[in-house]
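Comments concern the structure below.
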Amino acid sequence: ETGVTQTPRHLVMGMTNKKSLKCEQHLGHNAMYWYKQSAKKPLELMFVYSLEERVENNSVPSRFSPECPNSSHLFLHLHTLQPEDSALYLCASSQGWTSGYEQYFGPGTRLTVT
Amino acid sequence: AQSVTQLDSHVSVSEGTPVLLRCNYSSSYSPSLFWYVQHPNKGLQLLLKYTSAATLVKGINGFEAEFKKSETSFHLTKPSAHMSDAAEYFCVVTPSGSARQLTFGSGTQLTVLP
């Protein structure tokens with residue numbers, strides 16, 4: 001595997017379910033990110049981890065819970081979601097988190113909340 | 001504060017004709033600017049980036065962009081469109097010093113007609 005991978009690629013869950021999204025980067029990067037991409041809206045940055053420490057949390061509801069056990073893996077734990085949480089969730093990584101470091105994106109997980 | 005405006009939500013060109021995707025930005029600091037492309041059901045791929053070096057930036061697949069500080073613009077161009085260029089394109093700005101504060105434009109959908 002190369003680059004940034006995400007599993008699952010598609011997920012359908014009810015509002016009372018608990019599920020997790022997984023992201024893995026094979027690039028030796030130090031920073032990882034979660035984004036939400038909804039139809040007709042710009043990408044929204046949700047969380048940033050640098051060297052396994054959360055450095056950014058953009059007012060995301062507590063029903064989204066990130067976890068970064070090491071610099072290669074990032075999880076997004078989901079519980080009691082709402083239909084408006086249906087979106088494409090993208091993971092990204094970068095070598096550093098100062099300006100000039102481009103982010104490399106995974107293919108995303110398409111989440112549908114029923 | 002920073003923002004980015006993609007002036008066209010949809011652009012349609014014929015194969016073999018030039019492509020112009022427009023992006024204006026505002027930033028309180030010397031920005032870094034990026035263009036990403038997203039094909040259907042795929043993650044975002046970096047096309048090119050500007051980080052205060054040469055103002056004319058060349059990217060992958062024949063794309064290039066010119067940073068014009070006086071016009072606060074970073075338009076993306078390609079001399080000759082190919083069918084495989086059909087995708088959504090995102091202009092992204094980040095202030096100098098922090099890649100975690102990426103701000104994405106709302107995207108431009110490029111259609112290439114045969």
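Letters go in sequence order (proteins before strands), and every chain restarts at 1.
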Measure Gln38(B) against the heavy atoms of chain A and call it side chain, backbone, both or neither at under 4.5 Å.
side chain
Looking only at heavy atoms, what is the nearest atom pair of Pro42(A) and Gly105(B), with distance?
CB-O, 3.9 Å
Same hydrophobic cluster for Ile60(B) and Leu56(B), using side-chain heavy-atom links shorter than 4.5 Å among ILVMFWY?
no
Qualifying residue for ring-ring contact (aromatic ring centres under 6.0 Å, His included) with Tyr36(B), from Phe105(A), Tyr35(A), Tyr104(A):
Phe105(A)
Test of understanding: clusters of I, L, V, M, F, W, Y form through side-chain heavy atoms closer than 4.5 Å, transitively. Do Met32(A) and Met46(A) belong to the same one?
yes
Applying a strict 4.5 Å limit to non-hydrogen atoms, the region of Leu90(A) in contact with chain B is side chain
Out of curiosity, does Leu78(A) fall in the hydrophobic cluster containing Met15(A) (side-chain heavy atoms, cut-off under 4.5 Å, transitive links)?
yes
Taking the side chain as every heavy atom from C-beta outward, state whether Glu102(A) and Phe34(B) have any atom pair closer than 4.5 Å.
yes
Which bit of Gln37(A) comes within less than 4.5 Å of chain B, counting heavy atoms only: side chain, backbone, both or neither?
side chain
Taking atom CD of Gln95(A) as the centre, does the number of heavy atoms from other residues, nucleotides or ligands within less than 6.0 Å exceed 12?
no
Leu44(B) versus chain A, heavy atoms under 4.5 Å apart: side chain, backbone, both or neither?
both
For Arg9(A), which atoms come within 4.5 Å of any heavy atom of chain B: side chain, backbone, both, or neither?
side chain
Flag the pair Val92(B) / Leu43(A) as yes when at least one side-chain heavy-atom distance between them is below 4.5 Å, and no otherwise.
no
Transitively linked via ILVMFWY side-chain contacts under 4.5 Å: Leu88(A) with Tyr89(B)?
no
State, yes or no, whether a side-chain contact exists between Phe104(B) and Lys41(A) at a heavy-atom distance under 4.5 Å.
no
With a 4.5 Å cut-off on side-chain heavy-atom distances among I, L, V, M, F, W and Y, is there a chain of contacts connecting Met13(A) to Trp34(A)?
yes
